[in-house]
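Note that this is a predicted model, so its numbers are computed, not measured. Count residues from 1 along the sequence.
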Amino acid sequence: MIRRRRVPEELGITIVIILVAGAIGLISPRFLSLGNLELLLLNGTVIAFLALGQAFVLLTGGIDLSTGSVIALTGMVAALAMRSGMPWWAAAVTAIAVGALVGVINGALVHFLKLPPFIVTFAAFGYAASIPLILTGANSVNVADPTFAIIGRGALFGIPMPVVLVAVAAIIFVVMLRLTPTGVHIYAVGGNRETARLAGIPIGRVTILAYVLSGMCAAMGGLITTSRLMVGYPSAGSGNELFYSIAAAVVGGVSLFGGIGSVQGALLGAVLIATVSNGMNVVGVQSYWQPLVIGVIILAGVTLDTYRRQMSLSELLRRQSRSAPPALGEPAVAAVVPGSPDRTSDSDEPRT
């Protein structure tokens with residue numbers, strides 16, 4: 001029997017990226033230049049980190065609106081820590097710990113108080129944006145340690161360090177989702193929370209872990225942003241970062257309803273968003289058109305996701321109706337499997 005090879009779900013968005021890049025390259029050959037492609041990757045690393053973290057939260061059926069503010073918070077924490085005399089690596093670890101702390105707070109409020117993730121993370125968006133302004137009086141802070149530039153400006157074997165960091169994080173997350181019980185639990189919680197609870201899955205631990213990973217990924221985005229500029233801005237991340245992170249995860253195939261998606265899809269979604277944004281800049285499209293285009297992309301992704309989910313649900317109901325037991329008073333009908341002999345025709349023949 002010949003087994004059919006399963007077509008990867010990421011194939012569709014890969015084709016879209018190639019078509020979009022090819023179209024923009026035809027309009028402006030400068031888009032395909034080596035320098036512009038490197039700039040595209042560098043700008044896309046922050047979006048990629050946010051999309052990776054957002055993917056974990058979406059897989060559990062939640063959403064994280066605090067990622068943009070966490071970029072500002074963690075970047076300022078790193079800058080202030082270095083100004084106080086802390087070495088750059090310790091300041092980076094401290095910033096990541098702060099991002100994880102925001103994730104713990106979000107996850108705990110969502111799970112233990114049963115608050116809607118939208119409300120919890122929207123509140124986190126507010127206080128995470130205000131704390132850097134309060135600490136610095138709305139002033140920027142210069143990075144004191146020049147070695148800190150290695151995070152955003154360094155390179156490893158000619159590959160920009162932010163790209164290396166994204167690749168390492170993606171590999172770790174792929175292994176986590178595919179090869180560990182934690183990955184199974186994340187999909188199970190997003191697929192059906194009540195069933196996961198009855199199966200003995202620690203829902204609280206899984207939910208908090210998803211928000212912690214999102215906070216840590218946002219912290220990495222904050223470190224890259226601060227390192228590239230060598231200045232901590234209290235208003236960093238207040239642009240379209242949140243908008244782009246959700247768009248990248250959704251168009252990459254991560255379901256807003258939970259339980260469906262992959263790390264690879266989220267990364268490809270980030271590449272698509274970065275390609276569209278960079279391409280519009282190269283072509284000369286005004287910046288106020290970009291949210292409109294990204295909004296249309298989000299709408300298309302959510303529409304496809306909803307349609308796919310409805311099709312899956314209808315297929316499930318169809319299978320349930322086929323396997324449902326007959327009602328009282330109705331004769332039972334034997335199911336005939338295609339390719340098998342019909343047992344009803346020889347049921348009355350004596351056995352030899």
Side-chain angles (χ1 to χ4, degrees), residues 48-74 77 92-129 131 169-223 237 241-242 245-246 249-250 254-263 266:
F49 266 117
L50 295 182
L52 289 175
Q54 193 73 246
F56 276 92
V57 176
L58 292 176
L59 284 174
T60 61
I63 193 170
D64 191 354
L65 304 180
S66 65
T67 52
S69 296
V70 174
I71 289 179
L73 175 62
T74 54
V77 165
V93 172
T94 302
I96 295 174
V98 170
L101 177 61
V102 175
V104 170
I105 296 173
N106 289 339
L109 292 176
V110 168
H111 176 70
F112 294 108
L113 298 185
K114 310 299 180 184
L115 299 178
F118 183 92
I119 299 300
V120 171
T121 57
F122 187 68
F125 171 85
Y127 68 71
I131 291 176
I171 293 173
I172 294 174
F173 291 158
V174 168
V175 172
M176 178 187 297
L177 284 179
R178 288 193 171 186
L179 303 178
T180 67
T182 301
V184 178
H185 294 169
I186 289 174
Y187 281 107
V189 170
N192 192 314
R193 185 174 293 266
E194 182 61 21
T195 301
R197 184 187 67 82
L198 295 175
I201 294 176
I203 297 177
R205 189 184 309 168
V206 172
T207 301
I208 293 175
L209 174 63
Y211 284 95
V212 166
L213 291 176
S214 180
M216 294 175 67
C217 286
M220 288 301 303
L223 291 176
E241 285 81 3
L242 169 62
S245 71
I246 298 176
V250 171
V254 182
S255 175
L256 284 172
F257 304 100
I260 299 175
S262 65
V263 169

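- Rounded to the nearest 0.5 Å, atoms CD (Q54) and CG (L213) are 12.5 Å apart.
- T207 approaches R193 most closely through the heavy-atom pair OG1-NH1, 3.4 Å.
- For the pair T182/V206, no side-chain contact is recorded, criterion being any heavy-atom separation below 4.5 Å from C-beta on.
- Side-chain contact check for V57 versus T121: every heavy-atom pair is 4.5 Å or farther apart.
- Remark: the backbone N or O of A95 is not paired with any side-chain donor or acceptor of T74 at under 3.5 angstrom.
- Rounding to the nearest 0.5 Å gives a distance of 11.0 Å between CD1 of I208 and CD1 of I105.
- A distance of 10.5 Å separates OG1 in T60 from CD1 in I203, rounded to the nearest 0.5 Å.
- The distance from atom CG of L115 to atom CG of N106, rounded to the nearest 0.5 Å, is 10.5 Å.
- Under the 4.5 Å side-chain criterion, counting only non-hydrogen atoms from C-beta, V263 is in contact with L52.
- Between V70 and A218, the closest heavy-atom pair is CG1-CB, 3.6 Å.
- Listed here is the closest heavy atom pair of S245 and L50: CB-CB, 3.5 Å.
- The two atoms that bring S66 and V102 nearest to each other are OG-CG1, 4.4 Å, heavy atoms only.
- Side-chain atoms of Y127 and L73, non-hydrogen and from C-beta on, never get closer than 4.5 Å to each other.
- Residues Y211 and V120 fail the side-chain proximity criterion, which asks for heavy atoms closer than 4.5 Å.
- The distance from the NE2 atom of H111 to the CG atom of L113 is 10.0 Å, given to the nearest 0.5 Å.
- Using a 4.5 Å cut-off on side-chain heavy atoms (C-beta onward), S214 and F56 make no contact.
- Here the closest non-hydrogen pair linking G99 and A219 is CA-CB, 4.3 Å.
- Rounding to the nearest 0.5 angstrom, the gap separating the CG atom in L256 from the CD1 atom in I246 is 8.0 Å.
- Counting heavy atoms from C-beta outward, H185 and L209 have side chains that stay 4.5 Å or more apart.
- Within 6.0 Å of CZ on F125 lie no more than 12 heavy atoms contributed by other residues, nucleotides or ligands.
- Closest of all the heavy-atom pairs between A55 and V254 is O-CG1, 3.9 Å.
- In this structure, the side chains of F49 and L223 stay at 4.5 Å or more apart for every pair of heavy atoms.
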